[in-house]
Protein chains: 2
Amino acid sequence: MTKKGEISYLPNLAYDSVVFGFSGEKLKILIMEYHNTGLFALPGGFVKYDEDLNTAVKRGLKERTGIEDIYLEQFYCFGDSKRNATGEMKTIMEANNLPIEEENWMLERFVSVAYYALINYEMVVPTPDELSDSCEWYALDELPPLIQDHSIIVKKALETLRLNLERKLVGMNLLPEKFTMKELQKVYEAILGEELRRTTFQRKILSLGILKRHEKQYTGASNKAPYLYSFNV
Amino acid sequence: MTKKGEISYLPNLAYDSVVFGFSGEKLKILIMEYHNTGLFALPGGFVKYDEDLNTAVKRGLKERTGIEDIYLEQFYCFGDSKRNATGEMKTIMEANNLPIEEENWMLERFVSVAYYALINYEMVVPTPDELSDSCEWYALDELPPLIQDHSIIVKKALETLRLNLERKLVGMNLLPEKFTMKELQKVYEAILGEELRRTTFQRKILSLGILKRHEKQYTGASNKAPYLYSFNV
DNA sequence: TTCTATTGTCTCATATCGTGACAATAATAA
DNA sequence: TTATTATTGTCACGATATGAGACAATAGAA
């Protein structure tokens, strides 16, 4: 049992989260920047001794995003013995004037359980923690270099999201309640990283029978107005 | 850092493994039975302080099966805080005359990373560990009741295996080097839990172009002899 | 030689997917 | 009012994949 401040956490165990949001054009994720270091990392945290792992992740994500009920998928546990022995954490502690004893718990080995989250981009208020001065959206193709094995974690998160795209209701969690067919298609294209054919996509999605059609959306553009849809679940 | 005997392990972290083998008819998994308790569990173990998680699982599985290079897939990390607070471990320790202090490490909370393995049924020599008097194959539909959340782990392992069936070369790891089309079909049927159409299955598998055809297999049966195949990878 | 069970392959109807065409629209311009 | 333009909803056609049955080619036994 490891003491950190007043609370006891499970030792040597952490979680990291890849929080996906969709800006309307690009898929983005939340990245933290640590004070005075130029070091970037995924939002993560620790598990209290009497806390479920899933609960811990939800708790941490609520602090970073302000959202209570977040769609979460655990996708891998990273357990290489040297994965966080890369020196960056020492730099971060120095920059934050934290004491660096040889046995400081933050410098120990950590096994990390990785989750990805899907959230409605507009509903998020990115909030840094004590060690960081920012928590911001970055497009997947414009990520800064990340500490430790976090780039690998992001890569695996995206791979898993792609594999799950057909089996889970991904669009529902990245879009607002009502959306147009084009918006849904943009989400699929951003995740798959390839363009899709409009007619094929529309036919396929509609044939699933999971969409409910609503009123039209008049945007002021001089062309036919698209229908709005919502998920029927 | 937790001392167990002479060696130091990561505290509060374990792994459990669902080892699949194919008997020719049914899908089976390895189950351990603890001394004098009638309690059954998945093979599992702990991670040394300086050991990669994947290495630890390979090491443990080599001890249970005798096989060096095992096909492994990590599929979930089980982290509920009460998952191993079910009292069974205390019974096992009493039956083995181990001291039960209040703070015994075996009774603490454990987060467990679960793996499934695919192995050639015939090559395994199931070997119990110190706490168990057997390590044996059980058909999936004839499993004994398992301790803690191990039944849930098995269920999730099978679900994952089914999902991975099309994307990974599952058959290669459950069958001997050479096999008939019928044997391969039986593997697929055992995993999916449903019967498949012979002609459709054969056409589909052959169209993948991953099989190499060898000589015929004459078994003495009074009918056309099937070809033997091997994976082309 | 005949018979039986199994295997390899083919055919045909059906379903699904890639591709393009086209009419219906919402606002603007004439 | 009437063209114009960009976008959307839907259909049509061929190509490809899948479900389901048919049938000839065996290997051994009767």
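Side chains are part of it too, since the values below use all heavy atoms of this structure and drop only hydrogens, waters and symmetry mates. In what follows, chains carry the letters A, B, and so on, assigned in the order in which the sequence lines appear, proteins first and then strands, with residues in each chain numbered from 1.
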- request: List for me each residue that meets side chain to side chain donor-acceptor pair (under 3.5 Å) alongside B:Q185, sequence neighbours excluded, and say none if there are none.
  value: B:E189
query: If you look only at pairs with a residue in residues 188-213 of chain A, which of them pass as a ring-ring contact (aromatic ring centres under 6.0 Å, His included), with sequence neighbours excluded?
result: A:Y188-A:F201
query: Which parts of residues 174-183 of chain B get close to DNA chain D, meaning a heavy atom less than 4.0 angstrom away?
result: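 Heavy-atom cutoff 4.0 Å gives no residues at all.
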Could you give the [atom1]-to-[atom2] distance, from [X] to [N], as a whole number of Å?
{"X": "A:E166", "N": "C:dT16", "atom1": "CD", "atom2": "C1'", "answer": "14 Å"}
{"X": "B:K216", "N": "C:dT7", "atom1": "NZ", "atom2": "P", "answer": "11 Å"}
{"X": "B:L228", "N": "C:dT7", "atom1": "CG", "atom2": "C1'", "answer": "13 Å"}
{"X": "B:L206", "N": "D:dA17", "atom1": "CG", "atom2": "C1'", "answer": "15 Å"}

message: Please enumerate all residues that pass ring-ring contact (aromatic ring centres under 6.0 Å, His included) together with A:Y71, with sequence neighbours excluded.
response: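 Testing A:Y71 for ring-ring contact (aromatic ring centres under 6.0 Å, His included), a comparison that skips the adjacent residues, returns none.
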Listed partners of B:F78 passing ring-ring contact (aromatic ring centres under 6.0 Å, His included), at least two apart: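 By the ring-ring contact (aromatic ring centres under 6.0 Å, His included) rule, B:F78 matches B:Y76.
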Using nucleotides 27-30 of chain C, report all nitrogen or oxygen pairs with the protein that are shorter than 3.5 Å.
residue: C:dA27; atom: O3'; partner: A:G220; partner atom: O; Å: 3.4

task: Please examine the side chains of A:V111 and B:V47, heavy atoms only from C-beta on, and report whether any two atoms are closer than 4.5 Å.
output: no
message: Applying the ring-ring contact (aromatic ring centres under 6.0 Å, His included) criterion to A:Y121, which one of A:W137, A:F22, A:F20 satisfies it?
response: A:W137
message: For B:K156, is there any backbone N or O sitting under 3.5 Å from a side-chain donor or acceptor partner on B:T160?
response: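 Present.
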query: Is there a donor-acceptor pair closer than 3.5 Å between any side-chain N or O of B:D52 and the backbone N or O of B:N54?
result: no
Residues forming a side-chain contact (heavy atoms from CB on, under 4.5 Å) with B:T199, sequence neighbours excluded: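 Counting only residues at least two positions away or on another chain, B:T199 forms a side-chain contact (heavy atoms from CB on, under 4.5 Å) with B:R197.
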Let me check something: any side-chain donor-acceptor pairs from residues 226-233 of chain B under 3.5 Å, sequence neighbours excluded? List them with distances.
residue: B:Y229; atom: OH; partner: B:R213; partner atom: NE; Å: 3.3
residue: B:Y229; atom: OH; partner: B:R213; partner atom: NH2; Å: 3.0
residue: B:S230; atom: OG; partner: B:H214; partner atom: NE2; Å: 2.6

- prompt: Between the side chains of A:E25 and A:S23, is a donor N or O closer than 3.5 angstrom to an acceptor N or O?
  reply: no
Protein-nucleotides 14-16 of chain D N/O pairs closer than 3.5 Å?
none

- request: Look at the side-chain N and O atoms of B:K224 and state whether any lies under 4.0 Å from the OP1 or OP2 oxygen of D:dG28.
  value: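 Answer is no, no contact under 4.0 Å.
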query: Does any residue of residues 194-205 of chain B have a heavy atom under 4.0 Å from DNA chain C, and if so, which ones, in number order?
result: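 The answer is B:R198, B:T199, B:Q202, B:R203.
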query: Tell me, which pairs form a salt bridge (Lys or Arg N to Asp or Glu O under 4.0 Å) where one or both residues lie in residues 75-86 of chain A, sequence neighbours left out?
result: A:D16-A:R83, A:R83-A:D149
Please set out all donor-acceptor pairs under 3.5 angstrom arising from side-chain atoms of residues 32-41 of chain A, sequence neighbours excluded.
residue: A:H35; atom: ND1; partner: A:D133; partner atom: OD2; Å: 3.4
residue: A:H35; atom: NE2; partner: A:E130; partner atom: O; Å: 3.2
residue: A:H35; atom: NE2; partner: A:S132; partner atom: O; Å: 3.4
residue: A:T37; atom: OG1; partner: A:Y34; partner atom: O; Å: 3.0
residue: A:T37; atom: OG1; partner: A:L39; partner atom: N; Å: 3.1

